[in-house]
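By convention in this document, chain letters (A, B, ...) are assigned in the order of the sequence lines, proteins followed by strands, and residues within each chain are numbered from 1.
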Amino acid sequence: MIKSHPSEQLLVGYVAGELTPAMLMVVGTHVDMCPHCQQQVQDIEEQLAQKVMQNSSRVSSQLSIAEADAMLERIFNSQQGIQQPVAHEVNNLISLDGKRFTLPPTLARNSRHIGEWQHMVSHLWRAPVQVDEEQPLNLIYMSEGAQVPEHTHKGQEATVVINGVFHDEFDEYRDGDFILLDGHHKHTPATQAEDCLTLATLDAPMQFTSGISRLLNPFSSLFFR
Amino acid sequence: MSTAQPDSAEHAASLLVEIATNRNRRAFSELFHHFAPKLQAYATRQFGNEQTAMDLVQETMTNVWHKAHLFKPDRGSAATWIFTIARNIRFDFLRKNKHRQYDLSADDLWPILAEQNDSLDDDYALDDDLLMQQLANYCEQLPVAQKTVIELIYVEGKSQQEVADALAIPLGTVKSRTRLALQKLKELIHSDD
Ligand SMILES: [Zn+2]
């Protein structure tokens, strides 16, 4: 049972297409996995469509009759398939360390953007998902018994659990859970007996806050960028 | 030309069905005259550019003309379907204008115009079931004692100690049966690859 969801504001941004690409991917992946938010998304689509499509009285159309007729003519003469999106290879399986994971549809459709796995520190791996020129997006894999040093963020960290379970000081997160943290939260993500695959985006490098891990700060941008 | 306005959701939906089944140009013209000015107002607000706005209207309505068969009345209204097409085209226009390096496309985020829209979702939903079914089949091939332990732990979620108590056998036996069973399952899974 998924217990943490994106805010309504984020879902509206997702439906309108007005989030960063990285955030669209994280929210979209949650929506893939969450029937509750799928319903929300449908409702928001209806609402936004109504705003756009029913506010006609205020709009004095600038589309002249001649323009409209010309456009209709072009549409009737257009070939089916001209706007056909290029069919990309879609792969809904990803493997690491002998384990195979099924990717939710949003990630599967964008699997061609997923880069090679890189080993970061002891129990942590990441693979970049290259969809956003400004905001890094990564698949992050924590094997059993992993711990990410305590850190805060200058910006926002959005995470969705794809498979497995991890916890921090606040809660435990399982398949589909969406977690949004900002600079006010410090946390120490960790796994115990189960491993965990997540999709996460940061809009600024993380800042490690505790003990010796503070020494990592100069390098933190190497970790999650 | 019909004088009925596609204001009512049912009427707009029936026009789309008419376009999809009969390639009815009159039905499309009616839909076009209703929605195009609204799309144009939306696009002008979004882009602040007349020509780009016109391009968005044309590309959106061209998709409506060719892809009307992908409209699913049970999933939402005609207005909503057309809006989501415009939303996708807007997204691609904006990225193209900024000459973005990665070829992220709206259709891969919101696959509303994919011919087999549901296949991935179905695969995704099916995969777990399939895996569970396969695992269930493999479990049938285990010795009864091992199978019982596996079911109590992985299906009923009991701890190894609880299983030991329930079956009145030593904890060490539960552990070794679990280990042997998992080993056997692993072999069975790999022999299938
Ligand atoms: Zn949700």
Side-chain angles (χ1 to χ4, degrees), chain A residues 14-18 21 24-25 28 32-33 41-43 45-56 58-63 65 67-69 71-72 74-76 78-88 90 92-93 102-106 108-113 130-133, chain B residues 7 25 28-29 32-42 44 50 53-54 57-59 61-67 75-84 86-91 94-95 98 100-111 113-114 119-121 123-124 127-128 131:
Chain A
Y14 170 75
V15 170
E18 284 169 356
L24 287 171
M25 291 287 298
D32 286 343
M33 303 175 80
V41 161
Q42 278 192 30
D43 293 347
E45 279 175 357
E46 291 280 337
Q47 286 163 23
L48 290 187
Q50 263 176 33
K51 264 192 199 158
V52 169
M53 300 300 200
Q54 289 185 348
N55 266 348
S56 57
R58 293 193 291 117
V59 181
S60 60
S61 173
Q62 290 154 3
L63 197 68
I65 292 171
E67 279 174 323
D69 285 347
M71 200 183 276
L72 268 173
R74 282 196 297 275
I75 290 171
F76 288 139
S78 66
Q79 296 294 312
Q80 164 143 40
I82 277 182
Q83 272 82 16
Q84 201 91 350
V86 189
H88 303 292
V90 165
N92 69 343
L93 282 178
T102 306
L103 292 175
T106 298
R109 283 191 302 267
N110 286 284
S111 57
R112 69 188 185 284
H113 298 298
Q130 296 179 312
V131 295
D132 195 322
E133 293 77 6
Chain B
D7 273 345
R25 291 191 176 201
F28 182 78
S29 298
F32 180 91
H33 285 292
H34 179 75
F35 285 113
K38 291 161 190 195
L39 287 172
Q40 194 203 20
Y42 161 75
T44 307
E50 285 285 308
M54 290 290 274
V57 176
Q58 174 159 335
E59 201 161 316
M61 294 310 293
T62 303
N63 275 303
V64 172
W65 172 239
H66 289 299
K67 308 273 176 127
R75 208 194 170 260
S77 67
T80 301
W81 186 65
I82 296 171
F83 163 74
T84 55
R87 180 265 322 267
N88 280 24
I89 289 166
R90 168 188 170 274
F91 182 86
L94 284 175
R95 281 186 69 79
K98 290 183 191 156
R100 292 305 200 177
Q101 175 192 353
Y102 303 131
D103 64 335
L104 176 66
S105 78
D107 288 320
D108 290 333
L109 287 166
W110 307 277
L113 293 179
S119 69
L120 261 185
D121 298 280
D123 278 358
Y124 184 61
D127 201 77
D128 267 0
L131 192 69

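Interface remark: A:Gln47 contributes no atoms to any contact with chain B (heavy atom separation under 4.5 Å). Only the side chain of B:Arg95 comes within contact range of chain A, with at least one heavy atom under 4.5 Å from a heavy atom of that chain. When heavy atoms are compared at a cutoff of 4.5 Å, B:Ser77 approaches chain A by way of both its backbone and its side chain. Residue A:Glu46 touches chain B through both its backbone and its side chain, counting heavy-atom pairs closer than 4.5 Å.
Ring planes of B:Phe28 and A:Phe76: perpendicular class, angle over 60° (limits at 30 and 60°).
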- [ ] Could you give me the CA-CA distance, side-chain angles and deciding distance for B:Trp110 and A:Leu24, then say whether side chain to side chain contact (heavy atoms under 4.5 Å, CB included) is met?
- [x] CA-CA 10 Å; B:Trp110 307 277; A:Leu24 287 171; 3.9 Å; yes
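In terms of heavy atoms, A:Arg112 sits closest to B:Asp103 at NH2-O, 3.2 Å. Contact detail for A:Ala16 and B:Arg90: the closest heavy-atom pair is O-NH1, 3.5 Å. Of all the heavy atoms in B:Val57 and A:Met71, the pair that sits closest is CG1-SD, 3.8 Å. When every heavy atom of A:Glu45 is checked against every heavy atom of B:Phe83, the shortest pair comes out as O-CD2, 4.2 Å. The two atoms that bring B:Ala79 and A:Ala49 nearest to each other are O-CB, 3.9 Å, heavy atoms only. The minimum heavy-atom distance between B:Lys38 and A:Met53, with the atom names listed, is CD-O, 2.7 Å.
Between A:Glu18 and B:Arg87 there is no salt bridge, since no side-chain nitrogen of the basic residue lies less than 4.0 Å from a carboxylate oxygen of the acidic one.
Contact check for A:Gln50 versus B:Thr80: no side-chain heavy atoms found under the 4.5 Å cut-off. For the pair A:Arg109/B:Leu109, no side-chain contact is recorded, criterion being any heavy-atom separation below 4.5 Å from C-beta on. Annotation: side chain of B:Met54 is in contact with side chain of A:Leu63 (closest heavy-atom distance under 4.5 Å).
Of the possible donor and acceptor atoms, one in the side chain of A:Glu133 sits under 3.5 Å from a partner among the backbone N and O of B:Tyr102.
Contact count versus chain B (heavy atoms, under 4.5 Å) is highest, among A:Val15, A:Asp69, A:Leu48, for A:Val15.
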